[in-house]
> 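I'd like to ask you about the structure that follows.
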Amino acid sequence: MIEEIGKIKLNLEHYSGEDQYCDGDIEDELLDITRNYSQVEYPRIIEERKNWPVLYHLSELRENIVDWLPITKDMKVLEVGSGCGAITGALSRKAKEVTCIELSKKRSLINAYRHMDCDNVTIHVGNFQDIEPDLPCDYDYICLIGVFEYGQAYIASSDNPYEDYLNILGRHKKTDGHIVIAIENKLGLKYWAGCKEDHLGTWFSSLESYPDGGVVRTFTRDTLMKIAGNCGFSEISMYYPYPDYKFMTSLYSDDRLPKAGELSSNLRNFDKERLLLFDEKLVFDTLIAEGQFPLFSNSYMMVLGPEIDVKYAKYSNDRANEYKIKTTLNHCKTAEKAIKKIEKHALSKESQEHIAQINKGYEKLSERFAGSKLKINKCTLQSAYAEFEYIEGRTLEEYLDECLEKDDLDKFHLLFDEYLERISYNEELPITDYDLIFSNILISLDGAWNIIDYEWTFDKQVDTRELAFRAVYCYLLENEKRNKLNLDLILQKLGITEENAAFYRQQEMRFQKYVTGKRMSMPEIRDAIGQPVYSIAELPMLTPIEKQKGMIQIYEDMGSGFSEEHSFFMEDDRIENEEFKLVVEEGVRALRIDPCSDYCMVMIREIKWNETALTPKSKCITTNGFRIGDGVYAFDTEDPNITLQLSSLGKKRENILKVSIQVTRVPEETIKHMQKRGLF
């Protein structure tokens with residue numbers, strides 16, 4: 001059976017007629033948005049609703065993770081687990097044909113409505129194992145973005161579900177095709193620093209190898225490669241999306257790992273509160289220096305198949321449409337040698353003119369600095385992008401950092417003076433590279449100073465003092481370790497008063513708004529969503545967390561096990577006299593009631609399912625506590641739970657669960673004392 005939404009085809013041949021996986025009301029909201037609003041309105045809706053699921057499912061930044069792949073209009077792509085279509089649109093624009101597989105019809109409808117103008121997309125709705133035998137075996141790319149970690153759910157009754165899953169997928173790609181897997185790293189630095197695990201929403205659960213079970217599993221780099229190797233894949237390339245694969249802004253590889261100072265966008269807790277146990281940027285710098293970054297990258301992208309030319313990508317699409325671009329480093333191999341080149345591509349129709357202006361900036365700056373001690377990195381305008389010469393060397397920023405690390409302030413100021421001298425050449429001319437920050441000047445192996453990024457070149461004269469102040473201002477903002485630099489001395493050297501400095505700071509704010517337009521930046525969206533960040537100093541005052549420890553939390557198993565993303569807390573206004581009532585949809589297979597998040601004793605007074613009383617002795621009820629009386633249980637864990645298996649109970653479309661329990665939190669020492677006394 002084929003259902004059409006615009007030009008999208010929904011294949012319902014293997015759809016059971018019931019969604020076994022649902023995120024609840026948010027999916028209705030997303031369906032309403034995609035039915036009634038165009039994609040150009042999504043950024044405004046995201047900003048207005050200040051809601052994590054809306055941001056997660058509708059942000060165009062989600063597409064970055066596949067945009068860089070060299071998919072062309074003669075290729076076929078299979079997207080497994082297409083969800084609400086976060087990357088389907090990007091694949092459709094790049095490929096000849098896109099086949100999607102998605103378990104949920106409602107999510108498939110969301111995908112279809114948002115991409116209803118795409119005439120090359122078919123969405124198969126149903127279970128992967130039912131659909132897979134009907135798939136052809138000639139896909140150029142098979143994409144699993146945030147899907148491989150659910151391999152145990154996709155492949156039932158297997159001792160090696162992830163290897164079996166990969167072997168099955170491998171049958172459907174061309175001989176020279178690719179399988180692309182984006183997944184969180186179980187040892188990602190953000191988890192050590194205090195972010196909750198993405199799927200379960202608990203602290204340190206992936207670091208502890210998921211002690212509470214469940215179907216989700218993420219992996220280290222070596223384990224991912226081992227799984228692929230066991231499946232016979234010999235061509236394996238590892239990439240490192242940053243900050244993670246969900247909202248990737250930079251993509252690194254083993255051929256182009258991050259440099260010290262590059263990883264500074266780490267507060268990305270859009271969906272949950274987080275701790276801030278240390279400064280991730282500084283720890284990343286340490287890991288980079290020790291050669292350990294790949295082990296602690298927050299996410300991985302594993303590409304199975306022939307090596308891809310792209311070794312690095314940087315996305316600047318958190319901007320106004322006319323300035324959205326991406327920058328890539330490509331290693332192009334010919335019969336004679338490998339050639340490295342930098343490319344800048346427009347990411348919107350409006351930004352194509354911006355790419356052309358970069359090339360014009362190269363020509364004008366070359367004229368201004370002709371005969372000076374500054375070289376302009378060569379730019380050639382191609383049909384679809386601007387190409388730049390690749391230069392080996394180190395940035396001025398790296399040299400300045402080295403001076404500060406060695407407390408060699410004399411050398412720092414000598415380099416800064418040289419910088420001033422070089423950028424001031426022909427400063428009276430009406431042409432200026434406004435972004436002459438230290439990281440945009442590269443000192444090549446032969447000692448030449450090269451301007452490697454001149455995206456923001458304007459036809460006007462700008463005082464060298466302002467350019468230098470901006471360079472120092474940005475330099476200090478990016479790293480607290482640089483605060484040992486005496487800013488007053490720099491201002492004195494430049495002849496800048498406090499009044500001048502205040503004006504230049506305002507100029508910088510105006511420039512940033514000029515770049516982003518009226519859009520909110522991702523940090524601003526994070527702040528608007530409002531998930532708190534708690535530093536170590538604030539830990540004794542974590543009243544919200546303490547409050548949550550005493551709250552009842554409900555988990556729903558829709559067919560993929562219990563997870564934090566399918567749970568909710570019972571607010572006080574929904575509990576009366578220690579009783580509460582829930583409406584449970586037919587698709588829920590099991591419920592877990594966590595009476596609190598602490599050691600406790602619980603008296604189960606009454607549990608009713610559609611007015612049928614259930615006793616703690618019923619086979620459908622289990623707990624991880626110890627029975628110490630009639631309906632009374634002691635829990636020697638901070639994760640107490642009462643689980644109801646609903647498969648054996650009569651179910652309607654909507655079911656009513658009534659629960660009456662008395663919860664008493666007990667100090668751990670008391671519980672341990674009761675154990676020693678043999679009370680349970």
Side-chain angles (χ1 to χ4, degrees), residues 81 144-166 181-231 236 238 240-241 243-246 268-269 271-275 277-278 280 283-284 287 290 292-302 545 553 555 557 559-567 590 592 594 597-599 622-625 635-641 643 668:
L144 293 88
I145 310 302
V147 171
F148 193 65
E149 56 264 43
Y150 294 98
Q152 292 184 91
Y154 276 81
I155 307 300
S157 304
S158 170
D159 292 332
N160 299 293
Y162 298 98
E163 292 179 13
D164 290 346
Y165 191 18
L166 204 50
I181 296 172
I183 187 172
E184 294 87 357
N185 173 14
K186 70 182 294 184
L187 299 182
L189 188 67
K190 66 181 183 180
Y191 298 142
W192 299 91
C195 281
K196 292 185 173 181
E197 202 274 342
D198 290 62
H199 306 91
L200 302 181
T202 51
W203 276 297
F204 313 124
S205 48
S206 66
L207 305 181
E208 297 170 348
S209 291
Y210 303 98
D212 295 325
V215 298
V216 174
R217 288 293 180 275
T218 55
F219 306 97
T220 63
R221 176 183 185 274
D222 287 351
T223 301
L224 278 174
M225 295 179 71
K226 181 178 179 181
I227 291 172
N230 289 345
C231 294
I236 305 172
M238 293 302 297
Y240 311 101
D244 55 31
Y245 78 82
K246 297 182 182 70
R268 292 302 181 101
N269 58 312
D271 55 333
K272 306 174 186 73
E273 78 274 17
R274 67 159 293 176
L275 304 176
L277 302 180
F278 52 76
E280 286 157 87
V283 177
F284 267 131
L287 295 172
E290 296 292 335
Q292 297 300 317
F293 167 76
L295 179 61
F296 294 98
S297 174
N298 288 326
S299 291
Y300 294 124
M301 192 165 191
M302 182 169 69
I545 292 180
Q553 189 171 7
Y555 292 79
D557 177 5
S560 298
F562 296 118
S563 68
E564 200 75 19
E565 56 192 323
H566 295 110
S567 74
R592 194 179 96 191
D594 287 14
S597 298
D598 205 353
Y599 297 88
T622 58
T623 81
N624 64 341
F635 294 88
D636 63 340
T637 172
E638 291 182 298
D639 188 28
N641 55 72
T643 301
E668 179 182 1

> Using modelled atom types only, decide if a donor and an acceptor are shared between the side chain of Asp594 and the backbone of Gln553 within a distance under 3.5 Å.
no
> What are the two closest heavy atoms between Ser297 and Pro241, and how far apart are they?
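For Ser297 and Pro241, the tightest heavy-atom pair comes out as OG-O, 4.2 Å.
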> Looking at Asp244, is its backbone amide N or carbonyl O close enough to the side chain of Ser299 to form a donor-acceptor pair, meaning the two atoms are under 3.5 Å apart?
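The answer is no, because no donor-acceptor pair under 3.5 Å joins these two groups.
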> Could you tell me if Glu184 and Thr218 have a donor-acceptor pair between their side chains, going purely by distance under 3.5 Å?
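Side chains of Thr218 and Glu184: no pair found under 3.5 Å.
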> Step by step, work out the side chain to side chain contact (heavy atoms under 4.5 Å, CB included) result for Thr643 and Phe562.
CA-CA 10 Å; Thr643 301; Phe562 296 118; 4.1 Å; yes
> Verify side chain to side chain contact (heavy atoms under 4.5 Å, CB included) between Phe148 and Ile227, making sure each step is shown before the conclusion.
CA-CA 12 Å; Phe148 193 65; Ile227 291 172; 4.2 Å; yes
> Quick check for you: to the nearest 0.5 Å, what is the distance between Tyr154 atom OH and Leu144 atom CG?
7.5 Å
> How many angstroms lie between CG in Leu287 and CD in Glu280, if you round to the nearest 0.5 Å?
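Between Leu287 CG and Glu280 CD, I get 11.0 Å after rounding to 0.5 Å.
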> Which atom names give the shortest non-hydrogen contact between Val216 and Tyr150, and what distance separates them?
CG2-CE2, 3.4 Å
> Could you check whether the rings of Phe296 and Trp192 sit parallel, tilted or perpendicular, using 30° and 60° as the cut-offs?
perpendicular
> Is any NZ, NE, NH1 or NH2 atom of the basic residue among Lys196 and Glu273 found under 4.0 Å from an Asp or Glu carboxylate oxygen of the other?
yes
> If only atom types and distance count, is the side chain of Glu208 paired as donor or acceptor with the main-chain N or O of Pro211 below 3.5 Å?
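Side chain of Glu208 to backbone of Pro211: no pair is present.
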> Apply the test side chain to side chain contact (heavy atoms under 4.5 Å, CB included) to residues Val147 and Tyr165: give CA-CA distance (whole Å), side-chain angles for both, the deciding distance (0.1 Å), then the verdict.
CA-CA 11 Å; Val147 171; Tyr165 191 18; 3.4 Å; yes
> Could you check whether any side-chain N or O of Asn624 sits under 3.5 Å from a backbone N or O of Asp639, counting only pairs where one atom can act as donor and the other as acceptor?
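Flag set: sc Asn624 to bb Asp639 pair under 3.5 Å.
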> Counting distance only, does the side-chain N/O of Asn185 pair as donor-acceptor with the main-chain N or O of Leu295 below 3.5 Å?
yes
> Could you measure the distance from the CG atom of Asp222 to the CE atom of Met238? Nearest 0.5 Å is fine.
9.0 Å
> Arg217 and side chain to side chain contact (heavy atoms under 4.5 Å, CB included): which partner among His199, Glu149, Gln152?
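When His199, Glu149, Gln152 are each tested with Arg217, the side chain to side chain contact (heavy atoms under 4.5 Å, CB included) holds only for Gln152.
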> Once rounded to the nearest 0.5 Å, what's the spacing between atom OH of Tyr162 and atom CD1 of Ile155?
10.5 Å
> What is the distance from atom OG of Ser567 to atom CZ of Arg592, rounded to the nearest 0.5 Å?
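Going from OG on Ser567 over to CZ on Arg592, the span is 8.5 Å.
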> Using modelled atom types only, decide if a donor and an acceptor are shared between the side chain of Asp557 and the backbone of Ser560 within a distance under 3.5 Å.
yes
> Which pair of heavy atoms, one from Ser205 and one from Leu200, lies closest together, and at what distance?
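Smallest heavy-atom distance, with atoms named: OG-CD1, 3.9 Å.
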> Look at the rings of Tyr300 and Tyr240 and say which category their plane angle falls in: under 30° parallel, 30 to 60° tilted, over 60° perpendicular.
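Perpendicular: the ring planes of Tyr300 and Tyr240 meet at over 60°.
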> Report yes if the side chains of Tyr191 and Phe204 come closer than 4.5 Å at any heavy-atom pair, otherwise no.
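Sidechains of Phe204 and Tyr191: no contact.
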> Going through the distances and angles, do Phe278 and Leu189 end up as a side chain to side chain contact (heavy atoms under 4.5 Å, CB included)?
CA-CA 10 Å; Phe278 52 76; Leu189 188 67; 3.9 Å; yes
> How long is the straight-line distance from CG of Leu187 back to CZ of Arg221, given to the nearest 0.5 Å?
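Here the rounded value is 13.0 Å.
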> Would you check if Thr223 and Lys186 make a side-chain contact, meaning some heavy-atom pair closer than 4.5 Å?
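No, their side chains stay 4.5 Å or more apart.
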> Do you know which two heavy atoms are closest between Asn298 and Gly188, and how far apart they sit?
OD1-C, 3.6 Å
